[in-house]
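Beneath this line is the structure, given in structure tokens, with notes to follow.
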Amino acid sequence: MSTPASRGAAATPALRDERSSELYRRALDVMPGGVNSPVRAMRAIGRDPLFIVRGEGAELLDVDGNRYVDYVCSWGPLIHGHAHPEILAAVLAAAERGTTFGAPTEAEVELAAEVARRMPAVPMLRMTSSGTEATMSALRVARAATGRDAIVKFAGAYHGHVDGLLAQAGSGLATQAIPASAGVPAAAAAATTVVPWNDPDALVAALRERPPAAIVAEPYPANMGLVPPQPGFLALLREQADAAGALLVFDEVISGFRVSPGGAQELEGVTPDLTILGKVIGGGLPAAAYGGRRDLMELVAPAGDVYQAGTLSGNPLAVAAGLAALRMLDEPAYLRLATMTERLAEDLRRAAGMRAVQVQHVPGLLTVFFSEEPVRSYADAAACDLDAYAAWCRGLLARGVYAPASQFEAWFPSLAHTEEQLIATVEAAAGAFADLAAG
Ligand code: KE4
């Protein structure tokens, strides 16, 4: 299937987007910013959003007939690409039996058992419909278990739009954060301490000043772009959480089931007390979960007195899709995804030529930072050449490659990406870099 990208590094072709523009005008009249989630608006790369009509494997087709090799893949769920036949068949078979019951099903038990088999630190879980819900609930468990209110999070990490976590560091080294969004109560933000990622001294100081209920971290942060932990930093989180009497919560909504069968906690050999999961666990349908130590999860209603509920939690269609997705993720699949990611990262770095970029990657995730130096924190990521990234992204779109419309996101290669599409991607990247060089 040819894409504009397969035409290589030709001068930036114009992107036809009349239908998208017309739909966007209508959407602006009925939805805030014309979208149902901010990043889709593509404001960070200085263009209007593209309206998608279908996905096929690793490709997207938009309403103007443009075809793209997709590296957003719905921001992570689509590790098998779009409309995978085995996932579709599982969802259709479940749908024929009804779409939701508000009652337990055998498949939910099977999914929880599959997660427990992959993640020994998650012998018990509760499903939700979004990562935000899962994070909010996990922190409620941590607060109930410790009797503390404070939470430590890292600058640049995103755990969903939980009030208290939409917070940014206060002035100086003040532990009490301030709201990072309108509408967040100051008191909610004040219960959060925001610490720079990969900064051991700041972490130790913050824990000493205000021992928290929990430290919450993406073990492989992918919401400031992909900024892996420095060697030993995750082990330090475990050690410092124990020393402070706090829980360690790993948000593996992105890394879970993607970077390895048991997520980042398996690759890094660091065991959290609670784990947050999402995206791949739903196979492309709305599903997420939080889970962990049995003594903690037994605190959750109706077993315990931490209340949490959800009309569509463990929805049969999402569970069917999630089970189908996980069952196809065997060792050869993970090896293939890791090898593909490493090669794509190398080829993108080479395509940049004289342009200073840092291509940071872990299995199944990568980010091209427009930076002279390695990116080890949110401050480093924010110092990247955001305008150049935006222009490069527009050049990729014009050449048939749909990359994340923000320097602060990761690319999500999938098992559906073919050799031809990877080659076309690198050709398109070279062309977009050449445009930048030509000014
Ligand atoms: P949801 O509430 O969007 O299902 O999950 C929130 C969440 C939690 N934890 C991590 C590590 C996450 O990355 C996310 C959501 N990821 C973003 C993209 N980086 C979703 C895209 C969007 O917001 O539209």
Side-chain angles (χ1 to χ4, degrees), residues 27 31-45 49-50 52 70-79 126-139 151 153-167 180-181 197 214-229 234 249-259 263-265 272 274-291 308 310 312-315 318 321-322 362 364-367 378 381 402-413:
M31 300 180 327
V35 293
N36 277 313
S37 198
V39 71
R40 304 178 190 175
M42 293 192 165
R43 292 189 177 185
I45 64 166
L50 296 167
I52 303 302
D70 182 14
Y71 290 96
V72 172
C73 290
S74 188
W75 306 100
L78 302 179
I79 197 166
R126 165 64 58 85
M127 293 200 71
T128 64
S129 295
S130 72
T132 297
E133 275 184 88
T135 301
M136 180 173 65
S137 310
L139 297 186
I151 297 291
K153 79 172 289 281
F154 293 93
Y158 177 67
H159 306 288
H161 58 93
V162 183
D163 261 353
L165 300 185
L166 292 178
S181 162
W197 181 245
I215 299 170
V216 60
E218 296 175 68
Y220 291 163
N223 285 287
M224 52 179 115
L226 179 69
V227 182
L234 294 184
V249 181
F250 272 179
D251 179 347
E252 296 223 43
V253 163
I254 284 184
S255 55
F257 316 117
R258 171 170 285 276
V259 302
Q265 57 193 263
L274 292 172
T275 298
I276 302 160
L277 300 165
K279 297 187 194 270
V280 171
I281 200 173
L285 270 69
Y290 64 104
Q308 182 267 318
L312 294 173
S313 297
N315 171 266
V362 297
L365 291 166
L366 72 87
T367 293
Y378 177 66
Y402 192 92
S406 164
Q407 175 70 95
F408 306 120
E409 297 285 355
W411 288 38
F412 294 94

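Ligands are counted one by one from 1 in listed order, and the atoms in each one are counted from 1 as well. Computed over heavy atoms, backbone and side chain alike; hydrogens, waters and symmetry mates excluded.
Two residues are said to be in side-chain contact when any heavy atoms from C-beta on lie closer than 4.5 Å; Leu365 and Phe412 meet this criterion. Side chains of Asn223 and Glu409 form a contact here, defined as non-hydrogen atoms less than 4.5 Å apart.
When all heavy atoms are compared, the tightest approach of Ile79 to Phe257 is CD1-O, 3.7 Å. When all heavy atoms of Ala138 and Leu274 are compared, the pair lying nearest together is O-CD1, 3.6 Å.
Within 4.0 Å of ligand 1, counting heavy atoms only, the contacting residues are Ser37, Val39, Trp75, Ser130, Gly131, Thr132, Tyr158, His159, Gly160, Glu218, Asn223, Asp251, Val253, Ile254, Lys279, Glu409.
Two rings, from Phe154 and Tyr378, have their centers 6.0 Å or more apart.
Scanning for side chain to side chain contact (heavy atoms under 4.5 Å, CB included) contacts around Ala41 gives Val35, Arg43, with sequence neighbours left out.
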